[in-house]
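Reading through the structure tokens given below for one structure.
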Amino acid sequence: QVQLVESGGGLVQAGGSLRLSCAASGSIFSVNDMGWYRQVPGKQRELVSTITSGGSTNYADSVKGRFTISRDNAKNTVYLQMNSLKPEDTAVYYCNAAIKMRAWASLAEYWGQGTQVTVSS
């Protein structure tokens with residue numbers, strides 16, 4: 001089995017920073033794309049940022065210039081550095097990863113349990 005475990009959420013004032021981490025563990029052959037999504041009550045989960053195994057990144061327009069995604073392939077870990085946080089960034093943040101458990105297996109998508117980020121004004 002595969003698990004994604006997130007950490008780093010919390011409460012911060014507007015303009016502050018937080019760093020989220022997500023580590024994939026278990027029976028893993030390879031990890032392809034990793035990313036972060038967020039969701040607020042009553043709304044659909046939305047993309048925040050993704051990163052390929054080669055390091056190519058993609059960001060939602062709302063976080064460009066403020067958030068930075070990175071990964072450590074040796075640790076199967078993805079990070080999200082969030083700077084200049086705004087109250088509208090308040091959400092539950094979910095880690096996502098596309099993982100192969102065996103060389104011959106298909107890619108499967110996994111999600112973390114979510115971590116709350118609250119930005120006060």
Return the minimal non-hydrogen interatomic distance between [X] and [Y], and the atom names on each side.
{"X": "Ser121", "Y": "Ala14", "value": "CA-CB, 4.4 Å"}
{"X": "Leu80", "Y": "Ser49", "value": "CD1-CB, 4.4 Å"}
{"X": "Val31", "Y": "Ala97", "value": "CG1-CB, 4.4 Å"}
{"X": "Val117", "Y": "Met82", "value": "CG2-CE, 3.9 Å"}

>> By the disulfide (SG to SG under 2.5 Å) test, which pairs, at least two apart or in different chains, include something from residues 52-121?
In response: Cys22-Cys95

> Out of curiosity, Ile51 CD1 to Asp33 CG, how far, rounded to the nearest 0.5 Å?
Replying inline: 9.5 Å

Got a sec, which residues hit side-chain hydrogen bond (donor to acceptor under 3.5 Å, both in side chains) with [X], two or more places apart in sequence or on another chain?
{"X": "Gln81", "value": "Asn83"}
{"X": "Gln3", "value": "none"}
{"X": "Lys64", "value": "Asp61"}
{"X": "Gln116", "value": "Thr118"}

> How does the hydrophobic cluster around Val40 look, that is, which other residues are in it when side-chain heavy atoms under 4.5 Å mark a link?
Replying inline: none

> Taking only residues at least two apart or on different chains, which pairs with a member in residues 92-112 satisfy salt bridge (charged side-chain N to carboxylate O under 4.0 Å, His left out)?
Replying inline: none

>> Checking Val2 now: which residues fulfil side chain to side chain contact (heavy atoms under 4.5 Å, CB included) with it, not counting sequence neighbours?
In response: Ile28, Ile99, Met101, Tyr110

>> Holding to side chain to side chain contact (heavy atoms under 4.5 Å, CB included), I want the full list of residues that pass it with Asn58, two or more places apart in sequence or in another chain.
In response: Leu47, Thr50

> By salt bridge (charged side-chain N to carboxylate O under 4.0 Å, His left out), which residues pair with Glu46, not counting sequence neighbours?
Replying inline: Arg38

>> Using the salt bridge (charged side-chain N to carboxylate O under 4.0 Å, His left out) criterion, which residues pair with Arg66? Sequence neighbours excluded.
In response: Asp89

>> Filter on ring-ring contact (aromatic ring centres under 6.0 Å, His included), then keep only pairs touching residues 36-68, sequence neighbours left out; what's left?
In response: Tyr37-Trp111

> Any donor-acceptor pair under 3.5 Å linking the side chain of Thr90 with the backbone of Val119?
Replying inline: yes

